[in-house]
Amino acid sequence: MPEGQIDESGDGRTDRRPAGELEAGVLAALWAADGPLTPGAVQLELGGGLARTTVTTILTRLHAKGVVSRARSGRGYAYAPVQDSHGLTARRMHAELDKDEDRRTVLARFVSDLSPEDEELLRALLEGDPGAADDSR
């Protein structure tokens, strides 16, 4: 079976998972861990459905993106997330904002599409209400 493909049907047919789904699964395993994990340990956390080489490739890509750090562990590396899931979401939002030269329009449209609850939360955060972050869903 080719790398990155999973036989989920049981009939020998392969279904390719989207790369984002694989990255999300790997990150979830790293966030749940008490410390850095090797590719083999990540593979075990994911249930062994992926080849270790596939897990290593995903971790290498995440490292290249700056999402995980790595340190030598034996002949290979052990990986750890650089940020928690909320920090990663914020980082992605910044990256999207940085892609457009007209930040004012992008931010205005973002804010105009917020639910009333999210708009209220954002307003409280901008006004420096330290408890506003605790009130989020």
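Connection of Leu126 to Val111 is established within a shared hydrophobic cluster, with ILVMFWY side chains joined at heavy-atom distances below 4.5 Å, either directly or through further cluster members. In the hydrophobic clustering of ILVMFWY residues, with side-chain heavy atoms under 4.5 Å counting as a link, Leu37 and Leu88 come out together. Linking Ile, Leu, Val, Met, Phe, Trp and Tyr whenever their side-chain heavy atoms come within less than 4.5 Å puts Leu46 and Ile58 in one cluster.
Nearest heavy-atom pair, Pro39 versus Val55, reported as atom, atom and distance to 0.1 Å: O-CG1, 3.5 Å.
With values rounded to the nearest 0.5 angstrom, Glu23 atom CD is found 4.5 Å from Leu62 atom CG. Taken to the nearest 0.5 Å, the CZ atom of Arg70 stands 4.5 Å off from the NE2 atom of His63. The distance from the CZ atom of Arg61 to the CG atom of Leu22 is 9.5 Å, given to the nearest 0.5 Å. To the nearest 0.5 Å, atoms CD (Gln43) and CD (Glu45) are separated by 11.0 Å.
Formation of a donor-acceptor pair under 3.5 Å by the Ser115 side chain with backbone atoms of Asp118 is found in this model. In this structure, Thr57 contributes its side chain and Thr53 its backbone to a donor-acceptor pair below 3.5 Å. Not one N or O on the side chain of Trp31 forms a donor-acceptor pair closer than 3.5 Å with the backbone of Val26.
Side-chain contact between Leu27 and Val68: present, with at least one pair of heavy atoms (C-beta onward) separated by less than 4.5 Å. Within the 4.5 Å cutoff, the side chain of Leu30 has heavy atoms near those of the Leu59 side chain. In this structure the side chain of Tyr79 never reaches within 4.5 angstrom of the side chain of Pro36, judged on heavy atoms. Here the side chains of Met93 and Phe110 are in contact, with some heavy-atom distance below 4.5 Å.
Residue pairs meeting the salt bridge (charged side-chain N to carboxylate O under 4.0 Å, His left out) criterion with at least one partner in residues 72-93, sequence neighbours excluded, are absent.
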Which atom pairs, donor and acceptor, lie under 3.5 Å between side-chain atoms of residues 98-108 and protein residues at least two apart or in another chain?
unit_1 : atom_1 : unit_2 : atom_2 : d
Asp98  : OD1    : Arg103 : NH1    : 2.8
Lys99  : NZ     : Glu96  : OE2    : 2.8
Asp100 : OD1    : Asp102 : N      : 2.8
Asp102 : OD1    : Thr105 : N      : 3.3
Asp102 : OD1    : Thr105 : OG1    : 3.2
Asp102 : OD2    : Thr105 : OG1    : 2.6

Trace of the side chain to side chain contact (heavy atoms under 4.5 Å, CB included) decision for Val67 with Val82: CA-CA 6 Å; Val67 176; Val82 173; 5.9 Å; no
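Shown here are the side-chain contact (heavy atoms from CB on, under 4.5 Å) partners of Ala90, two or more places apart in sequence or in another chain: there are none.
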